[in-house]
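Written below as structure tokens is the structure these notes are about.
Keep in mind that the numbers below use all heavy atoms, side chains included, and drop hydrogens, waters and symmetry copies.
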There are 2 protein chains.
Amino acid sequence: MSIEDKQKPQRNGRVTIRTVAAHAGVSVAAVSKVMRNAYGVSDALRARVTDAIETLAYRPSRAARGLRGRSFTIGVLLIDIRNPFLPEVIAGVNEVLGPSHYQAMIGVSDARVQLETSLIESMIDYKMDGLILVAPRLPSEILAKFAVQIPIVAVGYHNASASAFDTVNADDQRGAEIAVEALLACGYRDIEMLSLGERQGHAVSVVRQREIGFRRAMQRGGLGSSPAIGKIPIASPKREEAMRKFLSRKDRPRAVFCWSDLDAITLLSLAMEMGVRVPEDLAVIGYDNSSTAALGLVNLASIDQSGRELGQIATRALISRIEGRTASEHIFQIPSLVSRNSLTRSGNSTDR
Amino acid sequence: MSIEDKQKPQRNGRVTIRTVAAHAGVSVAAVSKVMRNAYGVSDALRARVTDAIETLAYRPSRAARGLRGRSFTIGVLLIDIRNPFLPEVIAGVNEVLGPSHYQAMIGVSDARVQLETSLIESMIDYKMDGLILVAPRLPSEILAKFAVQIPIVAVGYHNASASAFDTVNADDQRGAEIAVEALLACGYRDIEMLSLGERQGHAVSVVRQREIGFRRAMQRGGLGSSPAIGKIPIASPKREEAMRKFLSRKDRPRAVFCWSDLDAITLLSLAMEMGVRVPEDLAVIGYDNSSTAALGLVNLASIDQSGRELGQIATRALISRIEGRTASEHIFQIPSLVSRNSLTRSGNSTDR
DNA sequence: CGACGAATGTAGAACGTTCTCCATATAACG
DNA sequence: CGTTATATGGAGAACGTTCTACATTCGTCG
């Protein structure tokens, strides 16, 4: 009879930590200890509990875990899911997370500050163990405020002075310089940059960094103190319109550096439609080295910043922070040029 | 003094439901009721509580919610994040979820059954309210087993007899038929399909459905009882190799239908490299009408199944199921042809 | 005026973990 | 043999919600 008192579990189907404890003939606390492999567990006990977990196919409830301690989940926030660069980052994250006991949950903010905020809050409310923010839009002060509640690593967010969170970046200034240097090396002097519309990037965004690098390289090359930077809106009908206008300008430059392959590829396409030959009339170089750029049909020269690597590094940084590091880290990767036909006819089409 | 007894909250910084209750001078249960807008709340009470929530900037803990009741989160499982069709689905999901109080969390399975299983389990363990599985790899019996634990809607998964979960699909058989009919209408008779390697698709996958549709349309057109279907592996080096082999076959067909734009675009690119003219030597039609296909440079005719719409429909179905529906629904959308230059030179290049 | 039902609010038991103390057993040591 | 350290296991209080019962207050109606 006294045994039946204990038989309260099993009420609904779910196998809980209590079921496991009963099956193994030990206490709930013991099971918890084994799972967290905490101190003070004999081999015999561990074996018995492990067995019970196995046979019952027990899975700890993440919800309950989150309420009290670790949830073993990390949140990844993407600004946009259509930019092919971002999936690469995810791939890198998953590679590192795979062998660990952590899992990634992804949120997509669609570049809306409102949604970004609420997703971050949700992830905190889920008691996730840490966050990787990819190209967040929020200002540093806000991120810092979140960072006291949860470990944060920002990718594609240039703020090397942030002390509350880590950053992982490709050196976007250097990337832009490399692009300009490549154009100069091909003999082009009349160079412009096509960047992203004003409202889309704050000072710490990758876009603005690339503009800085562009300006510096142009000045260093002796090409004026304020080189031209055009702004392309992000929304679709206006976007193509702005590019068409650029392509039909009588004073169109000889070469153009686009902030992203996304724009560069569309530009290439419109150029073809409008009879502007690439690279004979206009040389184009993009950024991200997306898989579309690599297509023989497109053949777009591009700056490669390995999203996969950035994802891997960010994940490792986050885990080390979750496990106790408090000093902030700011990691830089150096991007590289992938030359293709949009740069010059002899562009190395068989890259890498 | 007796008041101070109650002052236990506020221990660490977090604003909990108890803080709100104290601030509004009501019970915890009352606050909970207001938030769930349950029955039996006066306007006065509601106002007071709403005020307190506002001033304290209270956010309910999702972790705690999940432990007891609704978590107001739905999980989305993607087979692969690099296929541009899938982000479209997410966009559709987010559009419907935006105005609601639900939020989406995304997991990426990378087409690995193991990972897919563990992600689904995690989502269940988080007590998410429902799941949208996009092109899952798991067999129906397993999905059915999961579906008793959590409402499930599968997208891109053909099993109209499943009674435990809903399915939302474009009619992939019909889509393939439309493709073949378009090729026939252009006068091509020597037609093959390039499909996905054997191990990649089970019977209910979209790929196999497209094969069925292809066969039926070919037979109906009087083109043999077992038309040729080539299989292209998914992994990168072998993939291009198989396509090159196809392109250099002496008995290469006059027209080809690819299971996905992903393959069709690579094929187009390799064809150009190898000097095979499209559509003069080879007509190509793809599937998904991805944004890359629409580029002037690529100009790939394709079957359009609006991923956005599928996402929207799936989300609405899931919500209705969460809110009580038990009978399963199996929804079909009819895809459409987007004609472009890869089909015939006069291919309507200015689509949509 | 008594009785009953509707409307409103509250107490308190879950939910499934983690983790801090404690209790006990065993070993070590003088 | 007593005393003290050390290893091992367990009890039970959180964590922040939801939600079922129940208590109270009114109105209404016969």
Check: B:F165 ring centroid to B:H330 ring centroid under 6.0 Å: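 No: the rings miss the under 6.0 Å criterion.
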Report the distance from atom [atom1] of [X] to atom [atom2] of [N], rounded to the nearest whole Å.
X	N	atom1	atom2	result
B:Y126	C:dT17	OH	P	14 Å
A:I53	C:dG16	CD1	C1'	14 Å
A:D125	D:dC15	CG	P	16 Å
A:R70	D:dA14	CZ	P	22 Å
A:M35	C:dG16	CE	C1'	10 Å
A:L67	D:dT18	CG	P	12 Å
B:R18	D:dA14	CZ	C1'	10 Å
B:R59	D:dT17	CZ	P	11 Å

Heavy-atom check, side chain of A:F72 versus side chain of A:Q103, under 4.5 Å: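 When only atoms from C-beta onward are counted, A:Q103 and A:F72 do not touch, as no gap falls below 4.5 Å.
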Heavy-atom pair of closest approach, residues A:S122 and B:M105: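 Where A:S122 meets B:M105 most closely, the heavy atoms are CB-CE, 4.4 Å.
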Shortest non-hydrogen contact between B:K33 and B:G40, atoms and distance: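 Minimum heavy-atom separation between B:K33 and B:G40: NZ-O, 3.9 Å.
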Please report the C-alpha distance between B:S71 and B:R65 in whole Å, then the side-chain angles of each, then the deciding distance to 0.1 Å, and finally whether the side chain to side chain donor-acceptor pair (under 3.5 Å) criterion is met. CA-CA 5 Å; B:S71 66; B:R65 273 193 159 166; over 6 Å; no
Would you please name every residue forming a side-chain hydrogen bond (donor to acceptor under 3.5 Å, both in side chains) with A:S61, sequence neighbours left out?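 Scan of A:S61 (side-chain hydrogen bond (donor to acceptor under 3.5 Å, both in side chains), adjacent residues dropped) gives none.
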Using only heavy-atom distances, decide whether a donor-acceptor pair under 3.5 angstrom links the side-chain of B:R68 to the base of D:dT18.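 For B:R68, whose side chain was compared with the base of D:dT18, there is a donor-acceptor pair (under 3.5 Å).
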Base, sugar-phosphate, or nothing: which does A:S32 touch, judged by heavy atoms less than 4.0 Å apart?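 Here A:S32 touches the bases of the nucleic acid.
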When all nucleic acid strands are considered with a 4.0 Å heavy-atom cut-off, which category describes A:Y58: base, sugar-phosphate, or nothing?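 Result for A:Y58 = sugar-phosphate.
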Would you mind building the protein contact string for nucleotides 5-10 of chain C? One character per nucleotide, 5' to 3', B for base within reach (heavy atoms under 4.0 Å), S for sugar-phosphate only, - for untouched. --SBBB
Using 30° and 60° as the class boundaries, would you call the ring planes of B:Y157 and B:H202 parallel, tilted or perpendicular?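 It falls in the perpendicular class, over 60°.
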B:R36 vs D:dC19: side-chain N/O to OP1/OP2 distance below 4.0 Å: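 Looking at the OP1 and OP2 atoms of D:dC19, one of them is under 4.0 Å from a side-chain N or O of B:R36.
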